[in-house]
Amino acid sequence: MNEWNNTALSPQERAEALADSLSVREQAEQLKYDAPAIPKAGLPAYNWWNEGLHGVARAGTATMFPQAIGLAAMFDRERLRRCGEITADEARAKYNAASSHGDHDIYKGLTLWAPNVNIFRDPRWGRGHETYGEDPYLTSELGKEYVRGLQGEGKYLKTAACAKHFAVHSGPEAERHSFDAKVSPKDLEETYLPAFRALVEEARVESVMGAYNLVNGEPACASPFLMGKLREWGFDGYFTSDCWAIRDFHTTHRHRPGIRSNGAESRLRHELRKHIPPHSGGS
């Protein structure tokens, strides 16, 4: 029996054993959102991209709850958790049904890009309705319950929730691939980071998705400051970029050697080598 099939080992040990059996190319291919099958390892194809903000999206008939901003208006922790449970049940059922037919396409997996715990400060932001509003406390409390509903309390995750978009991501939408969010340490700690911290430390969210934008001059998906926060909070899940956010490093942020002269490039390369995990692709 291959070591990665040994159920006496921990999931981490099994994953490491499987990864060690792959070539560098095969490992790299598994970091994409549309990871291909690797028959020799018994790995089917898997598409990481699925949406469950207020019900399972884009995968056929499903229960649709009000948008997150509407759900937040209740400020009802129990109901938010129940919404998450129903969404997870339906996502799991759809995954099982699709997998039985060998269908591993987009929107049919168990990794849900939800909840969105960004702070909705400006009504002109086009995705504000995806959030729980402008209150960091309310956002933290409801976000935790939705994560708990999505992930369940069993031996295995029902689905994998994702706290997004880390961090200070709330517009302007048209400039999100180039915008530099200038924010004070006080505002970061009091406004933009509390919900992410709560979801990591208290709800044990499985995934965190980085934002497109820069935060104080550093790409959010490779910010030494933000990566340091995840380490500080004890995050042990997987980190993913938003769609095209890695490409933005050089196409719009122009954050690469020879472009900036403030020393940020060397820090960025150092952090990238250590901390950029799984795949690229989100919403």
Centroid-centroid distance, Tyr212 to His177, less than 6.0 Å
yes
Output the distance between atom OH (Tyr146) and atom CD (Glu85), rounded to the nearest 0.5 Å.
11.0 Å
Would you say Thr159 and Gln151 are linked by a side-chain donor-acceptor pair, where the criterion is simply a distance under 3.5 Å?
no
Any link between Phe75 and Tyr132 through a network of hydrophobic side chains (Ile, Leu, Val, Met, Phe, Trp, Tyr) touching at under 4.5 Å?
yes
Using a strict threshold of under 4.0 Å (side-chain N to carboxylate O), is an ion pair present between Arg148 and Glu153?
no
Nearest heavy atoms of Phe120 and Glu134, plus distance in Å:
O-CB, 3.2 Å
Other residues, nucleotides and ligands only: do more than 12 of their heavy atoms fall within 6.0 Å of NZ on Lys186?
no
Gln12 side chain to Glu16 side chain, donor-acceptor N/O pair below 3.5 angstrom
yes
Tell me whether Val183 is reachable from Phe179 by hopping between hydrophobic residues (I, L, V, M, F, W, Y) whose side-chain heavy atoms are closer than 4.5 Å.
no
Leu110, Ile106: one ILVMFWY side-chain cluster at the under-4.5 Å cut-off?
yes
Could you list the residues that satisfy side-chain hydrogen bond (donor to acceptor under 3.5 Å, both in side chains) with Glu206, not counting sequence neighbours?
none
Tell me if the centroids of the rings in Tyr33 and Trp49 come within less than 6.0 Å of each other.
yes
Quick check on the hydrophobic clustering: are Leu53 and Leu112 connected, directly or via other members, by side-chain heavy-atom contacts under 4.5 Å?
no
Neighbour count >12 (heavy atoms, 6.0 Å) for atom CD, Gln67:
yes
Any salt bridge linking Glu29 with Lys32? Criterion: basic side-chain nitrogen under 4.0 Å from a carboxylate oxygen.
no
Would you say the side chains of His253 and Asp248 form a donor-acceptor pair under 3.5 Å?
no
Are any of the side-chain nitrogens in Arg82 or Glu145 under 4.0 Å away from the carboxylate oxygens of its partner?
no
For the pair Asp242 and Arg176, find out whether any cationic side-chain nitrogen is under 4.0 Å from an anionic carboxylate oxygen.
no
Between Gln27 and Ala19 the two heavy atoms that sit nearest each other are NE2-O, 2.7 Å
Could you measure the distance from the CG atom of Leu80 to the CE atom of Met74? Nearest 0.5 Å is fine.
5.5 Å
Rounded distance (nearest 0.5 Å) linking atom CZ of Arg77 with atom CG of Leu142:
7.5 Å
Using 30° and 60° as the class limits, which term best fits the ring planes of His165 and His169: parallel, tilted or perpendicular?
tilted
Taking every heavy atom of Lys144 against every heavy atom of Leu199, the minimum-distance pair comes out as N-CD1, 3.5 Å
Looking at Ala97, is its backbone amide N or carbonyl O close enough to the side chain of Ser100 to form a donor-acceptor pair, meaning the two atoms are under 3.5 Å apart?
yes
Leu193, Val147: one ILVMFWY side-chain cluster at the under-4.5 Å cut-off?
yes
Val56 to Ala62 - nearest heavy-atom pair and separation:
O-CB, 3.5 Å
Do you know which two heavy atoms are closest between Ala59 and Tyr107, and how far apart they sit?
CB-O, 3.2 Å
Quick one: CG on Leu214 to NZ on Lys182, what's the gap to the nearest 0.5 Å?
8.0 Å
Could you tell me whether Arg79 atom CZ has more than 12 heavy atoms of other residues or ligands within 6.0 Å of it?
no
Flag the pair Glu232 and Lys229 as a salt bridge only when some basic side-chain nitrogen lies within less than 4.0 angstrom of an acidic carboxylate oxygen.
yes
Is a side-chain N or O of Thr111 found less than 3.5 angstrom from the main chain of Trp48, in a donor-acceptor match?
yes
If every non-hydrogen atom of Phe235 is compared with every non-hydrogen atom of Phe239, which pair is closest and at what distance?
CE2-N, 4.2 Å
